[in-house]
Amino acid sequence: MADRIPVILDGDPGHDDAIAWMLAASSPLLDIRAVTSVCGNQTIEKTTYNALRICTLLGLKCPVAKGRPTPMVAEPMTAAAVHGNTGLDGPVLPEPAMELEKEGAVELMARVLRESSEPVQIVATGPQTNVATLLVSYPELKEKIRGISFMGGGIAYGNWSCAAEFNILVDPEAAQIVSSSGLPIIMSGLDVTEKALIFPEDFERIRAVGNPVAKVVAEWLEFFYEFHRKIGYEGAPVHDAVAVTALIRPELLDMQDMYVQIETKGEYCRGTTVGDVRKTMNKEPNMRVCMGIDRKGFADLLVEAVKTYDKGAE
Ligand code: BDR
Ligand code: CA
């Protein structure tokens, strides 16, 4: 088999972050070198605790480090209505079996990049605070970044304001730094992630796999769906797992190269990902934007992923 891609998972877990990490850790194509937390769905204390509990459940043995307590410029904003008071309400999870690294998230990212002989892929499933701080603080390490696959934004619409999606709205300044970095970027925004619906019958397929990870994932999906069901969704939009799918099963996605700018000001549109769909700006694309997904293939991928935990967390 070809060499696995070294990966840093940076997120604000969060039910869909947790499922994204489950998917990443199941893949023989990826080699997870670090997990870093960011504030977003909940406070940094809570997302970090969740990150440790998820890694324990999955049997992930990589270093885990905590991000800063605030976005780069803005005040923190949380999503308790979606993910609950803990940021990961629902099933009981194991207590952390590992210690946090003493260094912070950005320093751990920098160390992983420095120590890697090959470029490292970053998967960002929360606000882009850590990734942008890494780019600003360690510009000499940019060449060690293979690319950034992020969940965030939406070309057509937002979810936290009319125009802006949560991850970008929490830290637009960070997203602006990332989008103008010149690095290979894949954006999985609401255009695709709201089509990445996992239906209640899929929860049952996952639960039926029967191992401890499968049972927890089915319960995470149930919790996550309950919020969305009440506002009219037919399934749980597992947003963050699309950013991992883009790396391990890109053929499930429709992608378009696009020039995308981040609105950092604006009375109504702060945090919007403004995509030049019609090429009116005559600019080189700065990212590959996922717009469509084979939903059934995505659901099957999650079912296959939970099966890899059959042998337990060792
Ligand atoms: C994004 O916001 C968070 O609530 C989810 O974890 C996802 O990353 C969707 O807008
Ligand atoms: Ca997230």
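Counting convention: from 1, in listed order, for ligands and their atoms alike.
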If you have a sec, work out which protein heavy atom is nearest atom 7 (C) of ligand 1 and how many Å separate them, to one decimal?
Asp16 OD2, 3.2 Å
If you look at Asp240, which of its N/O/S atoms is nearest to the Ca ion (ligand 2)?
OD2
Give the residue, atom name and distance (to 0.1 Å) of the protein heavy atom nearest atom 9 (C) of ligand 1.
Glu165 OE2, 3.2 Å
Does any N, O or S atom in Asp16 come within less than 3.0 Å of the Ca ion (ligand 2)?
no
Quick check on Val82 - does any of its heavy atoms sit under 4.0 Å from an atom of ligand 1?
no
For Asn159, which part has a heavy atom under 4.0 Å from ligand 1: side chain, backbone, both, or neither?
side chain
Given that the side chain starts at C-beta and the backbone is N, CA, C, O, which of these parts of His83 lies under 4.0 Å from ligand 1, counting heavy atoms, or is it both or neither?
side chain
Hydrogens and angles aside, do Asp12 and Thr47 bring a side-chain donor and acceptor to less than 3.5 Å of each other?
no
Is Asp294 salt-bridged to Lys296, going by a charged N under 4.0 Å from an acidic O?
no
Tell me whether the rings of Phe224 and His239 are parallel (<30°), tilted (30 to 60°) or perpendicular (>60°).
perpendicular
Angular separation of Asp17 OD2 and Asp12 OD1 about the Ca ion (ligand 2), given to 10°:
70°
Please state whether the separation between the Ca ion (ligand 2) and some N/O/S atom of Thr125 is under 3.0 Å?
yes
